[in-house]
Amino acid sequence: MSTDQPPGEPPENDPFLKKPQEPPAGGAPRNSSPRENGAPRNHAPRGNGAGAGGTGAGEGGTPPPGGPPPGGTPPPYAGDPYGSGPYAGDPYGGQPGPADPLAGMPPLANRGRRLVARIIDAIIIGVPVSVIMTLIVGGVDYFSTDSVEAGRQSTVSGVTMLAYLIYDGLMISSRGQTLGKMAMKIRVAMLSNGSTPTAQASWIRAAVYTLPEIVPCCGFIFWLVNVLWCTWDQPYHQCLHDKAAKTVVVSTETGGARSA
């Protein structure tokens, strides 16, 4: 029988995948005690009926253990074993509720580390590609406004941009990290469950980050707003390319403090 992972499902051995929630502190949850003699849990033994002075709840006796109190109010945590505690509202698939949206997530990546990771990646891709393209098209004068030089500048910039797009898409879809992110000990994860981004999410993220720069003037403005968006975004510190791909950048140092 094949043991291949079903398509669309995160790998079971992903070390950063959101782990199942643990029960609340204080021992086993309500109704977890073993049954005795096959009797249903939380059901009191039947009496001899009303005519024999039984203790049935329907004849004025005390309600069975675990049942609602005389006022009709349900017992604590009825229908919700975690109540409105730290697992409620968990963006990685926990119980719904108005709790901390960062509950259950790894620490968010520090913004400074994210910036340094991008600089490292730009150097890794930009320097060798620019050198190779300069040798192919000849020397490029980036300060000249001559039409020939402008054409060379566009060619080198376009090839560099394409190389970065492919590099970023392949690295993020395969392991959630580029070389720069590995150096800074951060990674990209799906916001829904913390797994390595899917191929679709990875390429959307790379395209939204890279391709707008093709548009003269306006493209650079969009790129600048995009990379700065994480400085005021709450609560996940996402850039626009993260929002488009439904991803979040987190630290791989799970013992570290969550960034502000």
Side-chain angles (χ1 to χ4, degrees), residues 5-19 90-94 100-126 160-213 222-260:
Q5 187 75 14
E9 294 290 334
E12 295 182 359
N13 60 351
D14 187 341
F16 296 99
L17 189 64
K18 177 67 168 64
K19 301 298 187 297
D90 183 355
Y92 279 13
D100 181 6
L102 299 176
M105 291 178 61
L108 295 176
N110 179 275
R111 298 181 183 94
R113 291 193 177 192
R114 294 175 65 173
L115 175 61
V116 174
R118 285 290 187 184
I119 294 175
I120 293 174
D121 290 331
I123 294 174
I124 290 173
I125 297 300
T160 304
M161 188 183 306
L162 179 61
Y164 191 92
L165 170 65
I166 296 173
Y167 162 80
D168 194 70
L170 289 177
M171 293 292 290
I172 296 299
S173 62
S174 63
R175 58 175 298 150
Q177 293 175 296
T178 58
L179 296 176
K181 287 178 172 59
M182 292 180 205
M184 291 294 103
K185 298 182 181 180
I186 60 178
R187 71 185 289 268
V188 181
M190 295 300 297
L191 179 60
S192 59
N193 57 15
S195 64
T196 298
T198 63
Q200 180 180 8
S202 300
W203 289 106
I204 289 175
R205 189 177 188 275
V208 174
Y209 177 82
T210 307
L211 294 183
E213 295 182 66
F222 175 85
W223 176 86
L224 186 60
V225 172
N226 175 23
V227 297
L228 291 177
W229 198 272
C230 66
T231 61
W232 59 76
D233 181 75
Q234 296 294 338
Y236 304 123
H237 302 173
Q238 293 171 299
C239 293
L240 295 180
H241 54 270
D242 288 311
K243 291 185 178 295
K246 296 181 175 62
T247 57
V248 65
V249 184
V250 297
S251 173
T252 60
E253 298 176 316
T254 54
R258 182 175 294 154
S259 63

Exercise: identify the closest heavy-atom pair between [X] and [Y]:
X      : Y      : result
Ser202 : Pro197 : OG-CB, 3.4 Å
Ala206 : Gly169 : CB-N, 3.9 Å
Met190 : Ala201 : SD-CB, 3.8 Å
Pro235 : Leu102 : O-CD2, 3.7 Å
Ala122 : Tyr164 : N-CE1, 4.0 Å
Met105 : Leu191 : CE-CD1, 4.4 Å

Can you confirm whether [X] sits close enough to [Y] that some side-chain heavy atom of one is under 4.5 Å from a side-chain heavy atom of the other?
X      : Y      : value
Phe222 : Leu211 : no
Asp242 : Trp229 : no
Leu228 : Trp223 : no
Arg118 : Tyr209 : yes

To the nearest 0.5 Å, tell me how far [X] [atom1] sits from [Y] [atom2].
X      : Y      : atom1 : atom2 : answer
Cys230 : His241 : SG    : NE2   : 8.0 Å
Cys239 : Arg205 : SG    : CZ    : 7.5 Å
Thr247 : Ile172 : OG1   : CD1   : 8.5 Å
Asn110 : His237 : CG    : NE2   : 10.0 Å
Ile186 : Leu108 : CD1   : CG    : 11.5 Å
Thr198 : Trp203 : OG1   : CH2   : 12.5 Å

Got a donor-acceptor contact below 3.5 angstrom from the [X] side chain to the [Y] backbone?
X      : Y      : answer
Arg114 : Ala109 : no
Arg187 : Thr252 : no
Gln177 : Met171 : no
Thr210 : Ala207 : no

For this session: Check whether more than 12 heavy atoms from other residues, nucleotides or ligands sit under 6.0 Å from atom NZ of Lys243, and answer yes or no.
Result: yes
Exercise. Going by atom types only, do Asp121 and Tyr167 share a side-chain donor-acceptor pair under 3.5 Å?
Worked result: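 There is such a pair between these side chains.
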For this session: Please step through side chain to side chain contact (heavy atoms under 4.5 Å, CB included) for the pair Ile120 and Leu179, ending with a clear verdict.
Result: CA-CA 8 Å; Ile120 293 174; Leu179 296 176; 5.5 Å; no
